[in-house]
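First listed ligand is number 1; within each ligand, the first listed atom is number 1. Any value given below was found using the heavy atoms of this structure, including those in side chains, with hydrogens, waters and symmetry copies removed. Position 1 is the first residue of the sequence, and the numbers go up from there.
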Amino acid sequence: MTTLTLRQKRDDRYRGGHLWVFRDDLQSQPDLPAASLVRVVSAEGFSYGSGFYHPTSKIAVRLLGADVESVTTEFFADRFSHALAVRQALLPGQHAFRLIHGESDLLSGLVVDIYDSVAVIQMLAAGMDAHQQNIVDALRLVFPSLQAIVEKNTARVRELEGLELRDGILYGTVPTPLDIDEYGVTIRLDLLGGQKTGYFLDQKTNRTIVASLAKGKRVLDCFCNVGGFALHAAKAGATAVVGVDSSASAIAAAQQNAQLNRLGNVSFEVANAFDFLRETAQQGARWDIIILDPPSFAKKRSSIDRAVAGYAELNRLALKALQPGGILVSASCTQLVPESMLLDILYREAARLKRRLRLLYRGTQAADHPVLLGMPETQYLKCLVFDVLD
Ligand code: SAH
């Protein structure tokens, strides 16, 4: 195995546990093929373990968090078993969960979601892509009752490592329908069909918080996707729930989920959430709970200002449409906008409208999306729950 040496005084981030070795931090850049296993050592000879090399990506090595001699089915099965034990301990009884959250599970570039009897895998980097068969075999070892393994390799980041985009079945047959249960709410998934709806597993704990506040309330779920928050609120006894999303296929799936759960107190509509909020705000404060869970507003640093303006506008519109004593659930999955920045936006917008906000709950990504302390990239979701004290 080739050993690569870091330049002098370039190893603070690796000492702190970061798993991406940037090209500029290396003394030499050998012409090895993508996915070669290499060892990385400090200028003083301390080993940061081995990882997958890439000859052109800005991330030259993705460390595996240990001195791994060879990457085999057993290697993956061992990591999957450890990951499963943590999920089962922290989220008992949940059959839909993220098994592998990339770097946080020391498998940079790999995401694995388990939806009951189906595993959905994403390989975002060449090292993982090269080991597709080992990954499939290891999943079958650790989950003997799996009926299908689906690859969803459609994320554009793959292109940074020269990988093509593709999706499809790698093993077995996907059962239809495929229903999962999330704390008593049934969600139907269409992983391969026309709609291709997955599910946002990261909000599952925050949905239970919203459910616990929803009884007897009028609830507006903006950016509802297939209905996650709305369905939980309706099931918990909200008087009326409206879910809004700009995707027609997500709304069709949400409507189907409402029927599956026999919920007559929830309706869904295709709309731009900004427009919907603007109109509802003009009609005055009439919602008891408003949930905002927009897609990421910034993928690169140069867009942070625009993201901040987007969050400010969204939260301002929601605050205008909230009853006194109402509840605002303000989420952000933009990794580059930390919780302190989101709190600051809420503070400014509430002050501008002379409304007093009290922070009741600070949610984050569910426990199946753990955070690697030395890698801020693994922490992305904020879900702040306020009530309006005025
Ligand atoms: N709250 C959801 C997840 C939201 S993901 C859950 O609990 O599962 C973000 C959603 O925002 C996607 O479904 C996307 O279709 C939708 N979206 C993106 N831009 C939008 C817009 N301008 N108005 C409404 N929905 C939008």
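For the atom pair Asp11 CG and Phe46 CZ, the distance stands at 9.0 Å (nearest 0.5 Å). Here the straight-line distance linking atom CG of Leu192 with atom CG of Asp167 works out to 7.5 Å at 0.5 Å rounding.
The atoms of ligand 1 that sit less than 4.0 Å from any heavy atom of Ser247 are 15 (O). With ligand atoms numbered from 1 in the order given, ligand 1 contributes 21 (C), 23 (N), 24 (C) to contacts under 4.0 Å with heavy atoms of Ala273. The Arg207 neighbourhood of ligand 1 comprises atoms 6 (C), 7 (O), 8 (O), with distances under 4.0 Å to a heavy atom of that residue. Near Phe229, the atoms of ligand 1 lying under 4.0 angstrom from a non-hydrogen atom of the residue are 1 (N), 7 (O).
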List the steps and the verdict of side chain to side chain donor-acceptor pair (under 3.5 Å) for Trp20 and Glu103.
CA-CA 9 Å; Trp20 296 346; Glu103 285 73 8; 2.9 Å; yes

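The aromatic ring centres of Tyr115 and His95 sit 6.0 Å or more apart. Checked against a 6.0 Å centroid threshold, the rings of Phe297 and Tyr311 count as neighbours.
In Ala250, neither the side chain nor the backbone holds a heavy atom less than 4.0 Å from any atom of ligand 1. Of all the heavy atoms of Cys224, the ones lying under 4.0 Å from any atom of ligand 1 belong exclusively to the backbone. Proximity of Ala271 to ligand 1, defined as any heavy-atom pair under 4.0 Å, is confined to the backbone N, CA, C and O atoms.
Considering each of Phe223, Phe297, Phe276, the one bringing a non-hydrogen atom nearest atom 11 (O) of ligand 1 is Phe223.
Put simply, the residue from Lys204, Gln94, Arg98 that forms a side-chain hydrogen bond (donor to acceptor under 3.5 Å, both in side chains) with Asp368 is Lys204.
The shortest N or O to N or O distance between Ser246 and ligand 1 is below 3.5 Å. At a 3.5 angstrom cut-off on N or O pairs, Asp293 counts as close to ligand 1.
Note: Phe223 and Phe274 have perpendicular aromatic rings, judged against thresholds of 30 and 60 degrees for the angle between ring planes.
Closest approach of Ala126 to His54, counting heavy atoms only: CB-CD2, 3.8 Å.
Looking from atom 18 (C) of ligand 1 to the surrounding protein, the closest heavy atom is Pro295 CG, 3.5 Å. Considering only non-hydrogen protein atoms, atom 15 (O) of ligand 1 sits nearest to Asp245 OD1, 2.7 Å.
Judged by the 6.0 Å and 45° rule, Arg207 forms a cation-pi pair with Phe229.
The shortest separation from a heavy atom of Val244 to ligand 1 is not under 4.0 Å, leaving the residue out of contact.
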